[in-house]
Amino acid sequence: MDFELPESHRALQASLRDFCESKVRPFAREWDKDETFPLEVVRELGGLGVLGMLVSEEYGGAAMDSLAVAVAVEEIARYDGSLALTVASHNGLGTSHLRVFGNEAQRRKYLPRLASGEWLGAWGLTEPGSGSDAAGMKTTAVRHGDTWVLNGAKMFITQGTVGDVFVVLAVTSPQKKQKGITAFILEKGMKGFSQRSIHGKLGMRSSDTAELVLEGVEVPDSQRLGEVDAGFIDTMKILDKGRITIGALAVGLGRGALEESVRYSRERTAFGQPISEFQGLRWMFADMKTELDAARLLVHRAALLADAGRPYSQEASMAKLFASEAATRACNKAVQIHGGYGYTREFPVERYLRDAKLCEIGEGTSEIQRTIIAREVFKSA
């Protein structure tokens, strides 16, 4: 068992740290305040290969592995959770669905432009009335010869208004419930397909979020992604890997909160000494560090299992569950350590706390993760 990252991954980590210090840290607070999607910076990340990490070189990608994605997402999240979410969702959801289940023509058409960052990808599963319960999906796709007509709406879609390519799930066989769902590839600008921005979020405010509206959208069968009625099964495979990246994002946020708090506690004095000398605060740091290191190990274990082609569904859920809740605890402690200043926008820890909460909700709530883990426990008991 080797706990040391490969040299290539350490180099990626170092390059992203340098990039974020100059291109992200000085601007993240304003992006959050103004709910501004940093498109130029996202494009630059595309130029660095960060938006096509899992795409093979044949299609213009960097041909890296799940562990590399986890390392990259954690490093970016240390500076800005919203930007890390953009990278995580682009790599792990829409692009991966196309990469894994697309046919050759679809891969050649979309993957090179997604990998370069010329196009951004989005993925539409959640609806206004169905999130964890996919069987409650209302968006439909009805076939007329070689064309499908889609009607419905999707909610809380990351890259919803800035995206160019959308993988959308729709019900094709209602009697089969979640086993009757099919994926389709949509492009921005298609007739009847519109996007509505969602503003006023608690956190991840500079990540683009939208509602997708489909009103009689005609999609040729050549844009069907995967087999008819196999969309939900394919989706579960995509979500498993996506949970690894959300776990990594959570670790990055918690790490950012810890590092900012160490810096602050050394500079802030009370009763004639730096507050870092007080035992009560030192115990907070000990808990934060221990939980975040444990979370990172869980994330990396799941990533390594995925890269080895071994089952990792339970491990991905464990990583996301523990990392997301550990990050929220760490960020909450960070605000406490900062005292009154932690409750203001002057320091980034309040933003980290707001951002961290999404990690307990997105790509399967903590309750869903516990359900998955418990199911596996009883299978093997």
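Values below: every heavy atom of this structure, side chains too, minus hydrogens, waters and symmetry copies.
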With E259 as partner, the option from R78, R25, R17, K289 fulfilling salt bridge (charged side-chain N to carboxylate O under 4.0 Å, His left out) is R78
CZ of R266: more than 12 outside heavy atoms within 6.0 angstrom?
no
So, S261 side chain and A257 main chain: donor-acceptor pair closer than 3.5 Å or not?
yes
Within the distance-only criterion (no hydrogens, no angle test), does the side chain of T147 pair as donor or acceptor with the backbone N or O of R143 below 3.5 angstrom?
no
So, do Q314 and V377 sit near enough that their side-chain heavy atoms are less than 4.5 Å apart?
yes
The ring pair (Phe, Tyr, Trp, His ring centres under 6.0 Å) partners of W148 (sequence neighbours excluded) come to F184
Not counting sequence neighbours, list each pair that qualifies as a ring-ring contact (aromatic ring centres under 6.0 Å, His included) and has a residue in residues 235-274.
Y264-H338, Y264-F347
R29 and D32 ion-paired at < 4.0 Å
no
Counting only heavy atoms not in E104, do more than 12 fall under 6.0 Å of its CD?
yes
Please confirm whether the backbone N or O of N103 pairs with a side-chain atom of Q106, one donor and one acceptor, at under 3.5 Å?
yes
T172 versus D229, side-chain donor and acceptor atoms under 3.5 Å
yes
Ignoring hydrogens and angles, tell me if any N or O in the side chain of E75 forms a donor-acceptor pair with the backbone of L16 under 3.5 Å.
no
Salt bridge (charged side-chain N to carboxylate O under 4.0 Å, His left out) assessment of E58 paired with R107
CA-CA 10 Å; E58 178 184 3; R107 289 173 179 166; over 6 Å; no
Would you indicate whether E277, at its atom CD, is surrounded by more than 12 heavy atoms from other residues, nucleotides or ligands within a distance under 6.0 Å?
yes
Can you classify the ring geometry of F166 versus F193 as parallel (below 30°), tilted (30 to 60°) or perpendicular (above 60°)?
perpendicular
Crowding at CD, E57 (>12 non-hydrogen neighbours, <6.0 Å):
no
Cluster question for you: counting only ILVMFWY and a side-chain heavy-atom cut-off of under 4.5 Å, with indirect links fine, are I368 and L298 together?
no
